[in-house]
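Reviewing the structure listed below.
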Amino acid sequence: MKRRDFVKGIVLASGIVGITPFIPAGKFLVTTFSFKYVRQKIANVNDIPPNNRLLFTYPKTGDIEQDSDPFRKFLLIRLPNGEFKAYSAVCLHLWCIIDYKPDKVDIECPCHGSTYNAQTGVAFKGPASKQFNKTLPEVKLEIDDNGDIYANGVIGVIGYGREGA
Ligand code: FES
């Protein structure tokens with residue numbers, strides 16, 4: 001049995017699907033379940049105008065190599081109505097990095113066209129929308145009186161998803 005198939009077998013057995021050439025599967029198994037999502041300042045409301053987004057690292061360690069891990073990358077989105085949302089930047093299909101598109105007010109994957117609702121994080125188009133888990137992991141956000149935005153936990157599993165529509 002090839003190593004890749006072995007890893008895929010482990011992942012399938014655990015209910016996790018979506019092994020991909022874009023991010024090594026071993027990395028998923030090692031890192032995703034070891035992150036500690038402590039409260040972390042990620043931006044101020046003045047850093048991001050409505051209908052825009054910011055890519056941030058969470059949890060951030062200060063180590064360049066660790067912080068470059070795609071599984072630590074999240075999109076902080078300020079919707080046109082001013083509301084803030086934050087999702088994992090890892091596509092649920094084959095783990096490419098997704099991005100917010102202000103002109104369409106959605107989140108799109110450049111690899112195979114999966115498209116996510118920016119309000120809910122639910123995939124509604126492309127291969128991710130046909131998966132059992134089609135809702136992006138979401139960051140719990142807090143905004144203090146100074147307008148500082150904090151990440152304080154993640155709902156779901158990076159690269160796998162969370163319960164949703
Ligand atoms: S990796 Fe295939 S649609 Fe995102």
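Note that these values count all heavy atoms, side chains included, but never hydrogens, waters or copies made by symmetry. Order of listing sets the numbers, starting from 1, for every ligand and every atom in it.
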At less than 4.0 angstrom from any non-hydrogen atom of [X], what atoms of ligand 1 do you find?
{"X": "Cys109", "result": "1 (S), 3 (S), 4 (Fe)"}
{"X": "Ser114", "result": "3 (S)"}
{"X": "Cys96", "result": "1 (S)"}

Lys125 side chain to Ser114 side chain, donor-acceptor N/O pair below 3.5 angstrom: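 Short answer, no.
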Distance-only donor-acceptor check, side chains Asp67 and Thr57, under 3.5 Å: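 Distance-only check fails for Asp67 and Thr57.
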Atom of His93 closest to atom 2 (Fe) of ligand 1, considering N, O or S atoms: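 This turns out to be ND1.
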N/O/S atom name from His112 that is nearest to the position of atom 2 (Fe) of ligand 1: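 Considering only N, O and S atoms, His112 comes nearest to atom 2 (Fe) of ligand 1 through ND1.
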Geometric class of the Phe35/Tyr37 ring pair [parallel <30°, tilted 30-60°, perpendicular >60°]: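 Taking Phe35 first and then Tyr37, their aromatic rings stand perpendicular (interplane angle over 60°).
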Validation row: Pro70, Ile97 side chains within 4.5 angstrom (heavy atoms):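 The answer is yes, as the side chains (C-beta and beyond) meet within the 4.5 Å cut-off.
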Salt bridge (charged side-chain N to carboxylate O under 4.0 Å, His left out) evaluation trace for Asp148 with Lys41: CA-CA 7 Å; Asp148 290 331; Lys41 182 182 172 185; 3.3 Å; yes
